[in-house]
Amino acid sequence: MKSIRTRIKYIRLETIGLIIFISLLFNIFSLNYIFQCASSVSHDKSLLFFSNSKNVNNDLISTIERSRRALETLKVLLDSILTSNDQPWIWLPTAEYPSVPYQPTPLSKQHIPKAIRDYKILPNAVSNEINRVCKRLIATNKSAGEIWCKLFAKSYADTIATTTTLLDDSTTYMITGDIDLMWLRDSSAQVHQYMSISNDKEIQRIVEGLIRRQTEFIFCNPYGSSFRLTLRPNPPSDDSLESVHVKKGRNIHVAMHNYELDSLCYHLRLSYTWWKKTRQTNVFNERWLTAVRIIIQVMIIEQHHSEISSYRYTELANNDQGSRVAYTGMTWSAFRPSDDQTRFGYLIPSNMMASVALKGLGQMIRKLFPKEIELLKQIDQLRADILSGIHTYGVVHHDKYGQIYAYETDGFSQTLLLDDANVPSLLSASYLGFKTPYDPQDQLIASTRNFILSQANRLFFQGKYAHGIGSHHTSPGFVWPMSIIMEGLTNDSEKNLDSVWQRLEASHADTFAMHESFNSNNPKEFTRPWFAWVNSLFAELILVRLNELEHWLQYRR
């Protein structure tokens, strides 16, 4: 009997041991499987894991420390590019300089690059592309095709024919149109339609020169949105550098101290698109890399805007700092791409664009600067934070449309539900390439689209001649062609495109150009007759949807 008990005891011990052994094997296999998966799944899914992990310094204290260190790094980087003629940066607000960071610029001892070419004659590649498209349009429907040929010819050539100047320092200065200033955002978008002819030497000179010029302007003020080469003759009032303008952060080169996150994103987008299209690398040198480092530090700082950021601007509330925001992982923006102030700080469309721009930038750095390990870590962490923040704080429930993306949030509990016509917008998310592992089937994009293209969006207007999204930047009832174009670039259904062509054809009001906005009940009442950004976007739509446009012209449904 005793021997039986002893035997049973040993059997139990053996069973327990076997269970422990099997459990160990299972755990080892599971860990191995996880690591194998981590190396084979998409970068987005690994970022999702990266963002959710508690062991990657993503807690509140460490994120503050990262922002604090980024601010110190930014100061060092900006000091490193100062020349002997430059004045030191001012970081603490004073009565004379309340908008900071600010760099006084001396009126003397300036080197102003000289213009060496304005385009009176178009590059052959541009003329050839116009002829190619026009030939197809006119062959489809002679009378209507001639109208659309004229629309395309004027819009496609507009950037080079009216806004572009080559400078003797190998840079390109590009104004936005009827405002004689260069925006980082606008100038980037103004050349996007030329990517299909990127093998042309003149186009290469224009685009690479533009990337160089944007780099120099980022050095002038990474928080700036629009710039100039120098003070203009017979200047408008905002070019005089009187005290009221200096207090707004303006200097010789900085025309607007409005911090708009999308401005920095557009520079990264242009750089990545050009590199991906051409694989040319001569413009992506150490100077460009310094600008990239500056951009990344600014974005990290602005993850903790209320606690860490030195940015102040006299048009903002709360002692020039803007309304308070809580940490979300997203990065803050003072202004929208419309140049209107944000209401709640975290602009969801701009953060969507940032996540896309950072993904492309990571690819560039890995290929061109593989030794920049720390910079790559910052880029990956920042992108993971932003995607997590959008998912956690930027998704809200709408009674009619279900789960949708908000336009803005403050990280506390306040959100703004609407969409503005300016890009980046919620409507443009898929056009910009936004993808998130939190919504792999783009269900949120679809439900958000339904919301913003309805009367539920307070900036959606319906009139006699058109419907579409407008902006707080213009009057109620005024639809922006940019938003109609974006409908066409993000939905290629026949019904949608037929409506897009009809509305755009009505909008030009016999000027054969696109405008900033127009009265949906009277298209002859419009704003900004010369607006190169929207003309470029319109030309891009025609190139992308040329087959569908031909089909519509043929049947005029």
Chemist: Going by atom types only, do S263 and S225 share a side-chain donor-acceptor pair under 3.5 Å?
Modeler: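 The answer is no; no qualifying pair exists.
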Chemist: List in chain and number order the residues that pass ring-ring contact (aromatic ring centres under 6.0 Å, His included) with F335, two or more places apart in sequence or in another chain; answer none if no residue qualifies.
Modeler: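 Y313.
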Chemist: Got a sec, which residues hit side chain to side chain contact (heavy atoms under 4.5 Å, CB included) with S471, two or more places apart in sequence or on another chain?
Modeler: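 With sequence neighbours excluded, S471 shows a side chain to side chain contact (heavy atoms under 4.5 Å, CB included) to S338, D340, D420, N422, H473, T474, W480, given in chain and number order.
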Chemist: For E487, check side chain to side chain contact (heavy atoms under 4.5 Å, CB included) against everything at least two apart and list the hits.
Modeler: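 Checked E487 against side chain to side chain contact (heavy atoms under 4.5 Å, CB included); matches are L427, R449, L453, N496, V500, R503.
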Chemist: Determine whether the aromatic ring centres of F451 and H398 lie less than 6.0 Å apart.
Modeler: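 Ring-ring flag for F451/H398: true, centres closer than 6.0 Å.
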Chemist: Do the side-chain N and O atoms of D410 and Q414 include a donor-acceptor pair separated by under 3.5 angstrom?
Modeler: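 Their side chains do contain a donor-acceptor pair, which is all the 3.5 Å distance test asks for.
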Chemist: Verify whether one side chain among R336 and H472 offers a donor that lies under 3.5 Å from an acceptor in the other.
Modeler: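 Side-chain D/A pair, R336 to H472: present.
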Chemist: Please tell me whether Q214 and S187 have a donor and an acceptor in their side chains that are separated by less than 3.5 angstrom.
Modeler: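 Per modelled atom types, Q214 and S187 side chains form a pair under 3.5 Å.
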Chemist: Scan residues 291-310 for pairs that pass salt bridge (charged side-chain N to carboxylate O under 4.0 Å, His left out), counting only residues two or more places apart or in two chains.
Modeler: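 Qualifying pairs, neighbours excluded: R293-E372.
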Chemist: So, using side chain to side chain contact (heavy atoms under 4.5 Å, CB included) as the criterion, who are the partners of D86 when residues are at least two apart?
Modeler: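 D86 satisfies side chain to side chain contact (heavy atoms under 4.5 Å, CB included) with L82, T83, Q103 once adjacent residues are dropped.
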Chemist: Using the rule side-chain hydrogen bond (donor to acceptor under 3.5 Å, both in side chains), only one of D385, T331, T63 pairs with Q303; which is it?
Modeler: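 Exactly one pass, corresponding to D385.
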Chemist: Does either side chain, that of T171 or that of R213, offer a donor lying less than 3.5 Å from an acceptor on the other one?
Modeler: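 Side chains of T171 and R213: pair found under 3.5 Å.
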Chemist: Residues two or more places apart in sequence or in another chain: which of them pass side chain to side chain contact (heavy atoms under 4.5 Å, CB included) with A334?
Modeler: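 For A334 the side chain to side chain contact (heavy atoms under 4.5 Å, CB included) partners, ignoring immediate neighbours, are Y259, Y311, L316, W332.
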